[in-house]
Structures are given as C-alpha cells and as structure tokens.
Amino acid sequence: MKITVLDGYALNPGDLTWQEFAALGDFTLFDRTPPTDTEEIIRRIGDSDVILLNKVPVTATIVSACPRLKYIGVLATGYNVVDLEACRNAEITVTNIPTYGTDAVAQFTFALLLEICSQVGLHSDSVHKGDWQHSPDFTYWLRPLTELRGKRLGLVGYGAIAQAVAEIAHAFKMEVVYWNHRPKEPQADWIRQVEMAELLAESDIISLHVPLFPETEKIIDGAALSRMKKGSILLNTSRGGLLDEEAVANALASGSLAACGVDVASTEPIRADNPLLHAENCWITPHIAWAPTETRERLMAIAYQNLTAFLRGNPQNVVS
C-alpha cells in the first residue's frame with residue numbers, strides 16, 4: 001500500500017512523528033504541495049492508494065487521473081477542499097477529524113477576548129520600554145480596560161466549540177445567548193436561544209462558530225453590523241469567509257464596532273490588501289487556535305485511527 005501526505009508541515013513541523021503511518025506501507029511525505037498546480041498534485045499522488053491532506057484541493061479532475069486512489073484522510077474538521085461527489089462516484093472513502101480541537105479553539109476565543117479587554121500585550125510592551133519606571137504613579141493604563149462580568153456574549157452557532165465557549169463565559173459570570181440555524185436545546189438553564197436579530201442588537205460580544213457554507217458566507221456583513229449594539233466586540237475563530245472584511249473594517253473605523261479579534265482570514269495566508277490589516281482595534285492571529293501541541297497530537301492520533309479503521313473494513317468519521 002502506498003501512502004502519500006501532500007501537505008504535512010502545518011500539522012507536524014517537526015515536533016510530532018509520522019512513524020505509525022510509515023509502518024503501514026510505502027510512505028511519502030511532502031511538507032507542502034502547491035494547491036493551484038493540478039498537474040503537480042496528480043504527479044505527487046501518482047499511484048497512491050491513500051493520501052492525507054489538509055488544504056490541498058482534490059477536484060474531479062484529480063480523482064479521475066488517480067484511479068488507484070481509495071482513501072483520502074483530511075487532516076482537519078473542514079473537508080470542503082475535496083470534491084465529495086467525484087469521490088463517491090469513484091468509490092473513494094473520505095474521512096475528517098471532528099471535535100479534536102474543541103477545547104483549544106474555545107480557549108483561544110477567550111485569549112482574543114481577554115487581550116482585547118485587558119490589553120496585556122500593550123501594557124507589557126509599555127513596561128518593557130521603561131514607561132512604568134518613569135511613571136509618577138504606581139499604576140497607569142494606556143487604553144480603557146473592560147470587565148467581562150455581566151456582559152452578554154452572543155454565540156452564532158451552537159456546536160461543540162460554541163458550547164465550550166459558553167461554559168468559559170459562564171465561569172466569567174457573563175450572560176450567554178446563542179443563535180443556531182435550527183432549534184437546539186440549551187446545555188443548561190443559564191443559556192438561552194434567541195433569534196439572530198436579538199443576538200445582534202443586544203450582545204456586547206459576538207463570537208462566530210458556524211461552518212463556511214454558501215448560506216453562512218459573509219453572515220456578518222454591512223447590514224448585520226448596522227444592527228449590532230454600538231461599541232460591541234466581534235470574534236471569529238471559525239472561518240474567514242464568515243465576515244465581509246471590508247464592512248468590518250469600516251465599522252471599526254467609524255467606532256460602531258469597538259474591537260475585532262480574528263484567527264482566520266478570507267484568504268490564507270492573509271493577503272497584503274486585506275482591509276483588516278489596517279483597521280483600528282483589530283487583533284489578527286495566523287490561524288493558530290487549533291495548533292497547541294496536545295491538540296495536534298490528538299489530531300494525528302485520530303487520523304491514524306481513521307486510516308486503520310478503513311483498512312480493517314470498518315471506516316469511521318466518513319464524510320463521503
């Protein structure tokens with residue numbers, strides 16, 4: 001059996017191991033594969049029976065050019081890079097890695113929020129520059145600081161990550177509401193489901209936790225922003241395409257949106273002309289919410305379990 005990893009570096013830049021996969025057959029690892037070079041993708045897959053990938057697209061053209069391919073293991077939760085219909089027609093099993101990063105992404109959502117509210121980085125930099133040494137007072141702050149107790153957090157989406165974020169918010173004594181595309185029972189009596197209009201208008205902080213589908217693309221656009229509470233905070237640790245980034249930048253410039261924290265962008269790596277790069281009060285991190293060592297170890301273990309389950313004839317986490 002021939003196994004090829006098309007873009008393994010993001011998951012394992014060297015601190016993890018592919019040893020278990022390599023023991024299963026003829027194993028080839030590519031750190032990166034050009035995602036737009038269809039001919040190179042086909043060449044690298046070649047006569048592989050199994051491929052593992054994260055962001056390299058597998059189109060119908062690629063599927064038809066690789067007739068030996070029987071299994072695609074997506075090294076992520078999202079699998080929109082794979083043409084599932086083409087895989088079904090070719091009897092290729094496609095699996096993903098669900099729920100591996102729930103706690104890490106919830107933690108990172110609050111890392112963004114706490115940075116916005118407490119300005120730790122700004123003040124640490126100030127102290128290291130000597131500002132505290134020369135202060136006439138025992139304390140100072142460079143921007144207003146915000147306490148979370150009593151603030152309303154609105155969750156757009158109510159899957160596993162949103163529910164984990166809700167638990168953290170509850171520990172901070174915040175009020176928590178959520179909107180979901182279909183009715184969903186709340187996890188406790190301290191959280192309630194609301195319509196999107198109420199969530200936008202009444203939330204102090206809005207955090208996005210929905211997949212990127214045609215119906216959720218730019219779910220936060222100019223119209224949604226205009227209905228949001230003035231001075232609210234927007235967080236996105238899900239997918240960059242959920243935001244109309246130009247509209248968000250404009251809302252930050254006008255002050256109607258107080259701050260924004262994102263770990264994702266509409267195009268990744270982020271483009272130099274992305275309007276959020278030059279927006280006021282916008283915190284941007286390079287898609288790292290999923291990346292703690294423990295989280296990636298868990299992802300790698302599930303990917304191995306997915307493949308071995310397929311080889312035993314009992315595939316799990318199938319999305320095709």
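Model, not experiment: these values are computed from the prediction.
- More than 12 heavy atoms of other residues, nucleotides or ligands shown are found within 6.0 angstrom of CD on Glu268.
- Rounded to the nearest 0.5 angstrom, Ser320 OG and Glu91 CD are separated by 10.5 Å.
- Ring-plane geometry between His170 and Trp190 is classed as parallel, the angle between the planes falling under 30 degrees on a 0 to 90 degree scale with a further cut at 60.
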Residues 302-310 side chain polar contacts: donor-acceptor under 3.5 Å, at least two apart:
| from | atom 1 | to | atom 2 | distance (Å) |
| --- | --- | --- | --- | --- |
| Asn306 | OD1 | Gln316 | NE2 | 2.9 |
| Asn306 | OD1 | Asn317 | ND2 | 2.9 |
| Asn306 | ND2 | Asn96 | O | 2.9 |
| Thr308 | OG1 | Tyr304 | O | 3.0 |
| Thr308 | OG1 | Gln305 | O | 3.2 |

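- Residues Trp141 and Gln119 fail the side-chain proximity criterion, which asks for heavy atoms closer than 4.5 Å.
- Counting non-hydrogen atoms of neighbouring residues, nucleotides and ligands closer than 6.0 angstrom, the NZ atom of Lys184 exceeds 12 such neighbours.
- Put simply, the side chain of Glu115 reaches to within 4.5 Å of the side chain of Val120, judged on heavy atoms.
- Contact record, Leu276 with Ala249: CD2-N, 4.0 Å, taken as the closest heavy-atom pair.
- Between Phe21 and Leu52 there is a side-chain heavy-atom pair separated by less than 4.5 Å.
- Looking at Ser124, its side chain never comes within 3.5 Å of a backbone N or O of Gly121 through a donor-acceptor pair.
- By the rule that hydrophobic residues join a cluster once side-chain heavy atoms approach within less than 4.5 Å of another member, Ile233 and Val105 end up as members of one cluster.
- You'll find the side chain of Ser207 reaches within 4.5 Å of the side chain of Leu155, heavy atoms only.
- Between Thr109 and His209 the shortest side-chain heavy-atom distance falls below 4.5 Å.
- Formation of a donor-acceptor pair under 3.5 Å by the Gln193 side chain with backbone atoms of Glu185 is not found in this model.
- With rounding to the nearest 0.5 Å, the separation of CG in Asp15 from OG1 in Thr293 is 5.0 Å.
- Remark: Glu294 does not engage Arg298 in a salt bridge, criterion side-chain N to carboxylate O under 4.0 Å.
- Annotation: the span from Leu277 atom CG to Ile270 atom CD1 amounts to 4.0 Å, rounded to 0.5 Å.
- Ala104 and Ala289 make their closest contact through CB-O, 3.5 Å (heavy atoms, listed as atom of the first residue, atom of the second, distance).
- Side-chain contact check for Glu175 versus Arg192: some heavy-atom pair is nearer than 4.5 Å.
- Looking at Asp125, its side chain never comes within 3.5 Å of a backbone N or O of His128 through a donor-acceptor pair.
- Within the structure, side chain to side chain donor-acceptor pair (under 3.5 Å) pairs that include any residue of residues 1-13 comprise Lys2-Asp47, Thr4-Ser48 (at least two apart or interchain).
- Note that the OG1 atom of Thr237 and the CD atom of Gln107 stand 11.5 Å from one another [nearest 0.5 Å].
- By the 4.0 Å N-to-carboxylate-O rule, Arg43 lies close enough to Glu40 to be salt-bridged with it.
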Open item on the list: If you apply the rule side-chain contact (heavy atoms from CB on, under 4.5 Å), what do you find for Val5 with Phe27, and how did you get there?
Closed with: CA-CA 8 Å; Val5 182; Phe27 181 80; 3.6 Å; yes
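- A single hydrophobic cluster is not seen to contain both Met228 and Met174; linkage of ILVMFWY side chains at heavy-atom distances under 4.5 Å, directly or through other members, places them apart.
- A side-chain donor from one of Asn281 and Arg143 sits under 3.5 Å from a side-chain acceptor of the other.
- Scanning both residues, Ala169 and Val176, for their nearest heavy atoms gives CB-CG2, 3.7 Å.
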Open item on the list: Checking Asn80 against Phe213 for the side-chain contact (heavy atoms from CB on, under 4.5 Å) test, could you report, in this order, the C-alpha distance in whole Å, the side-chain angles of both residues, the deciding distance, and whether it holds?
Closed with: CA-CA 9 Å; Asn80 57 310; Phe213 294 126; over 6 Å; no
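- Remark: Glu215 CD is packed, more than 12 non-hydrogen atoms of other residues, nucleotides or ligands lying under 6.0 Å away.
- By the 4.5 Å heavy-atom criterion applied to side chains, Met1 and Leu311 are counted as neighbours.
- Put simply, the side chain of Trp179 never gets that close to the backbone of Tyr158: no donor and acceptor are under 3.5 Å apart.
- Criterion: ILVMFWY side-chain heavy atoms under 4.5 Å apart, direct or through other members. Under it, Ile161 and Val264 are not part of a common hydrophobic cluster.
- Relative ring orientation between Tyr100 and Trp290 is described as perpendicular, the plane-to-plane angle rising above 60° on a 0-90° scale split at 30° and 60°.
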Open item on the list: If you apply the rule side-chain contact (heavy atoms from CB on, under 4.5 Å), what do you find for Phe172 with Leu113, and how did you get there?
Closed with: CA-CA 12 Å; Phe172 274 92; Leu113 180 57; over 6 Å; no
Open item on the list: Run the salt bridge (charged side-chain N to carboxylate O under 4.0 Å, His left out) test on Glu245 and Arg271 for me, step by step, so that the C-alpha distance in whole Å, both residues' side-chain angles and the decisive distance to 0.1 Å come before the verdict.
Closed with: CA-CA 12 Å; Glu245 292 165 329; Arg271 291 170 53 99; over 6 Å; no
- [ ] Would you please test Leu243 and Leu234 for side-chain contact (heavy atoms from CB on, under 4.5 Å) and show each step?
- [x] CA-CA 10 Å; Leu243 300 183; Leu234 177 64; 3.8 Å; yes
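- Of the inter-residue distances, the one linking Asn180 atom CG with Leu199 atom CG reads 11.5 Å to the nearest 0.5 angstrom.
- Following chains of ILVMFWY side-chain contacts shorter than 4.5 Å, one can reach Val248 starting from Met196, so the two form part of one hydrophobic cluster.
- Side-chain contacts under 4.5 Å among hydrophobic residues (ILVMFWY), followed directly or transitively, place Ile41 together with Leu6, Ile42, Ile45, Ile51, Leu53, Val56, Val58, Ile62, Val63, Leu69, Ile72, Val74, Tyr79, Val81, Val82, Leu84, Ile92, Val94, Val319.
- With salt bridges taken as basic N to acidic carboxylate O contacts below 4.0 Å, none links Arg152 and Asp204.
- Rounding to the nearest 0.5 Å places CG of Asp103 at 8.0 Å from OG1 of Thr295.
- Annotation: side chain of Ser126 is in contact with side chain of Tyr140 (closest heavy-atom distance under 4.5 Å).
- The two atoms that bring Ala247 and Gly222 nearest to each other are CB-N, 3.7 Å, heavy atoms only.
- When all heavy atoms are compared, the tightest approach of Gln187 to Ala166 is OE1-CB, 3.8 Å.
- At a threshold of 4.5 Å between side-chain heavy atoms, the hydrophobic network of Ile, Leu, Val, Met, Phe, Trp and Tyr places Met300 and Leu24 in one connected group.
- Here the closest heavy-atom approach between residue Ser203 and residue Gly154 is recorded as OG-CA, 3.4 Å.
- In terms of modelled atom types and a separation under 3.5 Å, the side chain of Glu217 and the main chain of Pro214 share no donor-acceptor contact.
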